[in-house]
Amino acid sequence: WMNAVKVVMGLIEVGAAVKFLSIADITINRQPILFDYATVMLVWLVLSITIALYLFETFRFAHDTPSNGISVGRGLFAMTFLGLASMLGFLLLQPDRAQGWVMDSIVSFAPPRFDEHGAGAVAVEHVPPANEELGPTTVHQGLRFALDLEKAVVVARREGKPLFLDFTGVNCVNCRRMEKKMAEPANRERLGRFVTVQLYVDVMTPEIRDNAEADRLLQMNRKLQDELLNDASMPGYAIVMPDGKTVLASFIGFDQRNEFTGFLDAGWERFQAQRVAAKP
């Protein structure tokens, strides 16, 4: 059984190595090129099936000794990896239909996707249209975000809307989980009140291919996060006045107690109070 443990752990280590190689790929290229979502999920799928077949003793390695049968524990582990393989196969084809904590965690841990216009599970026609005044934008789970705060401030001032700032990262599992939470109907409706902005603080913004401009935004985003939140955690959120400087509410980290909706409401209510107080 010790040989079986070593083989299984070795194959799991291969899966972990592929994940870390995807992080290096993103860091170098700003988007996954060699180890993208599909490639990593496919490797994990093959490894899961391989582990299951090994535990069922479909094949052996040279150092393995024949056994008289498959124990209950070994069989249960094999079935677990078969179940994982089925989930990986489903998520490889339908990543936006992930349901439950396990599937959400797998998709969040996998390399991020920068395809399909970011529409996610939301029909493309329901994604807010791009606004040229906002400059470059990105879409996650059907929510559109500006990428340049300076341009977003101009639009927020003209429209009289507060700003919702999402300090995020490419290599951030909880950021992907929070993007899905933001797309929930109650939160999506509330976010429609704001000019939404996504600010990358770990690597240069993937959607902006001009390296000089992407680096400028990265440095500006990091400085802004320190000034507004006094925290470098990802994800971090702030609701600010249209000036882009006055913080109305902030939220750090993953929403474990369903407090994110309350944070959005608190920011909106304080904005309304500030607007009433400013009236002559």
Side-chain angles (χ1 to χ4, degrees), residues 30-31 112-120 122-170 175 178-179 182-183 185 187-229 235-251 263-265 267-272 274-276 278-279:
R30 293 201 285 131
Q31 285 198 17
R113 291 170 294 130
F114 298 97
D115 54 4
E116 63 186 346
H117 309 292
V122 180
V124 174
E125 60 267 22
H126 295 155
V127 176
N131 183 341
E132 291 184 3
E133 293 181 84
L134 284 175
T137 62
T138 186
V139 179
H140 293 289
Q141 296 292 329
L143 295 168
R144 187 176 296 279
F145 297 87
L147 296 172
D148 188 334
L149 179 61
E150 292 175 343
K151 293 181 179 179
V153 166
V154 174
V155 174
R157 284 175 170 168
R158 179 174 55 78
E159 297 182 357
K161 288 183 176 182
L163 292 142
F164 169 80
L165 307 183
D166 173 9
F167 293 96
T168 188
V170 174
C175 298
M178 282 299 295
E179 285 165 2
M182 283 188 277
N187 293 330
R188 177 187 296 275
E189 181 181 356
R190 287 166 168 80
L191 285 169
R193 304 166 175 171
F194 307 99
V195 175
T196 52
V197 188
Q198 196 164 58
L199 307 172
Y200 287 89
V201 292
D202 63 342
V203 298
M204 292 188 290
T205 306
E207 292 88 346
I208 297 178
R209 302 312 300 169
D210 185 315
N211 287 336
E213 176 63 9
D215 184 62
R216 182 187 73 82
L217 290 176
L218 176 63
Q219 302 308 320
M220 183 179 72
N221 295 344
R222 288 174 173 173
K223 180 180 178 182
L224 187 69
Q225 184 182 27
D226 182 61
E227 291 175 351
L228 298 185
L229 299 181
Y237 305 95
I239 295 173
V240 301
M241 291 292 286
D243 61 7
K245 299 177 181 178
T246 307
V247 178
L248 300 169
S250 61
F251 190 92
F263 150 71
L264 295 176
D265 287 338
W268 178 253
E269 290 167 4
R270 289 169 190 166
F271 169 71
Q272 294 285 68
Q274 291 260 12
R275 189 162 59 176
V276 170
K279 290 182 179 180

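We count residues from 1, following the sequence as given.
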Quiz prompt | Side-chain heavy atoms of Pro235 within contact of Phe251, under 4.5 Å | solution = no
Practice problem: Could you walk me through whether Val240 and Thr246 pass the side-chain contact (heavy atoms from CB on, under 4.5 Å) test, one step at a time? | Solution: CA-CA 5 Å; Val240 301; Thr246 307; 5.8 Å; no
Exercise. Indicate yes or no: at least one non-hydrogen side-chain atom of Met182 is less than 4.5 angstrom from one of His140.
Key: no
Self-check item: Atom pair CG/CG of Leu149 and Asn221 - distance to nearest 0.5 Å
Solution: 7.5 Å
Quiz item: So Tyr237 and Ile239, side-chain contact (heavy atoms from CB on, under 4.5 Å) or not? Walk me through it.
Solution: CA-CA 7 Å; Tyr237 305 95; Ile239 295 173; over 6 Å; no
Quiz item: Checking Arg216 side chain against Asn211 main chain: does a donor-acceptor pair fall under 3.5 Å?
Solution: no
Please tabulate, for side-chain N and O atoms in residues 152-163, each donor-acceptor pair with protein atoms closer than 3.5 Å (sequence neighbours left out).
from	atom 1	to	atom 2	distance (Å)
Arg158	NE	Glu133	OE1	3.4
Arg158	NH2	Glu133	OE1	3.4
Arg158	NH2	Glu133	OE2	2.7

Practice problem: Begin from the C-alpha positions of Thr196 and Leu143 and carry the test side-chain contact (heavy atoms from CB on, under 4.5 Å) through to its verdict. | Solution: CA-CA 9 Å; Thr196 52; Leu143 295 168; over 6 Å; no
Quiz item: Hey, are Arg222 and Gln225 close enough side-chain-wise for a donor-acceptor pair under 3.5 Å?
Solution: no
Practice problem: Kindly compute the distance separating CG (Asp148) from OG1 (Thr137), expressed to the nearest 0.5 Å. | Solution: 11.5 Å
Quiz item: For the atom pair CZ (Arg275) and CE (Met241), what is the distance rounded to the nearest 0.5 Å?
Solution: 9.0 Å
Quiz item: With a 4.5 Å limit on heavy-atom distance, are the side chains of Arg193 and Leu264 in contact?
Solution: no
Practice problem: May I have the step-by-step check of side-chain contact (heavy atoms from CB on, under 4.5 Å) for Leu147 and Tyr200, ending in yes or no? | Solution: CA-CA 8 Å; Leu147 296 172; Tyr200 287 89; 4.1 Å; yes
Quiz item: Can you tell me how far the CG atom of Asp215 sits from the CG atom of Asp210, to the nearest 0.5 Å?
Solution: 10.0 Å
Quiz item: If you take all heavy atoms of Pro242 and Phe271, which pair is closest and at what distance?
Solution: CD-CE1, 3.9 Å
Quiz item: Given side chains that start at C-beta, do those of Leu165 and Leu224 come closer than 4.5 Å, heavy atoms only?
Solution: yes
Quiz prompt | Minimal non-hydrogen separation, Ala214 against Met204, with atom names | solution = CB-CB, 3.8 Å
Quiz prompt | Minimum heavy-atom distance between Ser250 and Leu229, given as atom pair plus value | solution = CB-CD2, 3.6 Å
Quiz item: Is atom CD of Glu189 surrounded by more than 12 heavy atoms (other residues, nucleotides or ligands) closer than 6.0 Å?
Solution: no
Quiz item: Within the distance-only criterion (no hydrogens, no angle test), does the side chain of Arg144 pair as donor or acceptor with the backbone N or O of Val139 below 3.5 angstrom?
Solution: no
Quiz item: Heavy atoms, side chains only, cut-off 4.5 Å: are Met178 and Asp166 in contact?
Solution: no
Quiz item: Out of curiosity, Glu269 CD to Leu248 CG, how far, rounded to the nearest 0.5 Å?
Solution: 11.5 Å
Quiz item: Roughly how far apart are Thr168 OG1 and Asp202 CG, rounded to 0.5 Å?
Solution: 7.5 Å
